[in-house]
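This report concerns only the one structure given below.
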Amino acid sequence: MSHLPSSDPAGYLDDLLVRFRPLTDGSINGASEALGDTEPERFGVALATVDGQVFGASDDGVQFAIQSISKPFLYGLALDLFGREKVHAKVAVEPTTEAFNSLTELEEDHLPYNPMINSGAIAISAMLHHADPDSASATMMAMLGRYMGREATRHPRAVDDVSGAHRNLAIAHLLRHFEVIGDDIVGSMKLYNRQCTATANVRELALMAATLANGGEHPVTDERAIRRDHVGDVLTLMFTCGMYDTSGSWAYTVGLPAKSGVGGGILAVVPGRMGLAVYSPRLDSHGHSVRAVAALRAWSADWNLAMFRL
Ligand code: GLN
């Protein structure tokens with residue numbers, strides 16, 4: 001139990017649910033509605049330690065689309081395949097004050113600010129796709145599966161047609177215009193869409209976070225998901241950019257590398273110790289689960305997990 005600050009982690013998770021279930025602010029995202037995931041009361045919490053203990057409560061078995069939670073993992077895959085220099089010729093490492101699906105900064109600077117927002121993740125997807133159009137999707141799903149500790153699956157209602165993703169297509173076209181990505185915009189967008197519609201439950205999200213906390217090795221299967229020397233890159237970008245335009249206040253209040261997705265999940269990494277995950281689908285105006293933000297804030301404070309608070 002050495003990694004756990006609580007002698008009763010299961011009881012603590014139950015307590016979190018009781019404290020934050022009354023929060024009913026926010027609304028379900030259109031991407032979840034399109035997948036038929038429209039149950040606003042869902043609420044799941046989980047934690048996984050680097051030595052393989054997993055605890056979960058309430059809706060911890062519900063599969064949902066990971067959406068942008070895929071972004072740090074795809075970034076890690078690109079680092080492993082292409083190296084830092086090539087990846088960062090296509091995407092910078094600066095936090096942004098714009099929304100995750102903004103085109104503004106791209107228009108101004110011609111390079112995505114970071115890999116945690118749509119423009120950066122689309123640039124990474126295009127790199128992967130153009131390097132190997134036939135097997136990029138299988139390579140990506142295999143990578144996600146190594147973090148989850150099972151074969152990665154897609155949402156049963158996900159489709160490969162990206163013709164209606166107008167905003168993301170606009171980002172992709174701007175990226176093509178500035179010669180950040182290659183010609184096959186539809187192929188690149190399909191890969192981006194596939195990573196977003198991979199599914200996990202919160203227990204698996206906690207294990208994905210715990211794999212990063214554990215230097216890239218899955219705590220239960222012992223499989224390596226990412227090169228050890230790239231884990232720090234991923235965690236740094238999650239810390240500075242993972243919560244988009246609220247990354248600063250997140251760093252100040254929660255103090256952990258994290259990533260959210262519009263499916264309603266947020267995962268957070270306690271380096272060297274554990275991964276935490278919360279799922280509830282109602283979102284605030286930044287695209288973060290309202291209950292997950294509140295629960296992770298309390299959790300970090302209660303267990304004194306923030307990285308710079310000694
Ligand atoms: N699929 C979503 C999109 O591209 C993912 C965004 C998110 O989770 N923040 O808009």
Side-chain angles (χ1 to χ4, degrees), residues 1-28 32 37-67 69 147-150 199-214 218-220 242-243 250 253-284 288-307 309:
M1 283 288 184
S2 60
H3 298 290
L4 287 167
S6 163
S7 58
D8 179 19
Y12 182 80
L13 295 187
D14 288 338
D15 186 48
L16 271 183
L17 292 161
V18 171
R19 281 160 75 189
F20 296 103
R21 211 181 277 285
L23 277 185
T24 56
D25 299 339
S27 51
I28 292 187
S32 296
D37 288 343
T38 54
E39 290 178 48
E41 286 304 332
R42 282 177 174 175
F43 195 12
V45 291
L47 88 95
T49 61
V50 292
D51 53 5
Q53 302 175 72
V54 183
F55 302 88
S58 193
D59 293 321
D60 61 334
V62 173
Q63 294 283 327
F64 58 94
I66 64 174
Q67 300 287 1
I69 295 172
Y147 280 100
M148 292 178 191
R150 64 162 172 91
T199 60
N201 60 39
V202 268
R203 296 174 77 91
E204 290 156 352
L205 284 187
L207 279 163
M208 293 173 85
T211 300
L212 290 173
N214 195 35
H218 192 281
V220 177
M243 299 299 284
W250 179 270
T253 55
V254 182
L256 295 170
K259 190 73 201 75
S260 83
V262 294
I266 301 182
L267 57 74
V269 179
V270 189
R273 295 171 70 191
M274 65 187 113
L276 319 177
V278 183
Y279 163 59
S280 196
R282 285 196 205 91
L283 309 183
D284 65 20
H288 308 315
S289 163
V290 173
R291 283 176 175 164
V293 168
L296 282 160
R297 252 185 211 172
W299 199 346
S300 174
D302 292 345
W303 286 11
N304 195 30
L305 299 175
M307 287 177 60
R309 297 195 191 273

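Owing to the predicted nature of the structure, the values given are computational and were not obtained by experimental measurement. We number each residue from 1, following the sequence as shown.
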Heavy-atom check, side chain of Met307 versus side chain of Pro257, under 4.5 Å: yes
Nearest heavy-atom neighbours spanning Ala258 and Trp250: CB-NE1, 3.4 Å
Separation of Arg291 CZ from Leu16 CG (nearest 0.5 Å): 12.5 Å
Side chain to side chain, Glu39 and Asp59, heavy atoms closer than 4.5 Å: no
Separation of Arg42 CZ from Asp37 CG (nearest 0.5 Å): 5.5 Å
Evaluation steps, side chain to side chain contact (heavy atoms under 4.5 Å, CB included), between Leu267 and Leu212: CA-CA 11 Å; Leu267 57 74; Leu212 290 173; 5.6 Å; no
Pro9 to Leu47 - nearest heavy-atom pair and separation: CB-CD2, 4.1 Å
Ile266 to Ser260 - nearest heavy-atom pair and separation: CG1-CB, 3.6 Å
Val270 and Leu256, any side-chain heavy atoms less than 4.5 Å apart: yes
Euclidean distance, Asp284 CG relative to Leu23 CG, rounded to 0.5 Å: 11.0 Å
Taking every non-hydrogen atom, the tightest pair across Ala200 and Met148: CB-CE, 4.1 Å
Contacts of type side-chain contact (heavy atoms from CB on, under 4.5 Å), residue Asp302, not counting sequence neighbours: Tyr12, Arg19, Ala298
Positive for side-chain contact (heavy atoms from CB on, under 4.5 Å) with Pro219, one of Leu207, Thr49, Asp51, Val54: Leu207
Spatial distance of atom CD (Gln67) from atom OG (Ser32) [nearest 0.5 Å]: 6.0 Å
Residue pair Asp60, Phe55: steps toward the side chain to side chain contact (heavy atoms under 4.5 Å, CB included) verdict: CA-CA 9 Å; Asp60 61 334; Phe55 302 88; over 6 Å; no
Audit row: Leu13, Trp299, side chain to side chain contact (heavy atoms under 4.5 Å, CB included) steps and yes/no: CA-CA 9 Å; Leu13 295 187; Trp299 199 346; 3.6 Å; yes
From CA spacing to verdict: side chain to side chain contact (heavy atoms under 4.5 Å, CB included), Gln53, Met274: CA-CA 9 Å; Gln53 302 175 72; Met274 65 187 113; over 6 Å; no
Non-hydrogen atoms of Val293 and Met243 that approach each other most closely: CG2-CE, 4.5 Å
Rounded distance [0.5 Å steps], CZ in Arg282 versus CD in Glu41: 4.5 Å
Closest non-hydrogen atom pair between Leu205 and Ala277, with its separation: CB-CB, 3.6 Å
Spacing of CZ belonging to Phe64 relative to CG belonging to Asn201, to within rounding of 0.5 Å: 7.5 Å
N/O donor-acceptor pair under 3.5 Å between Ser58 side chain and Phe43 backbone: yes
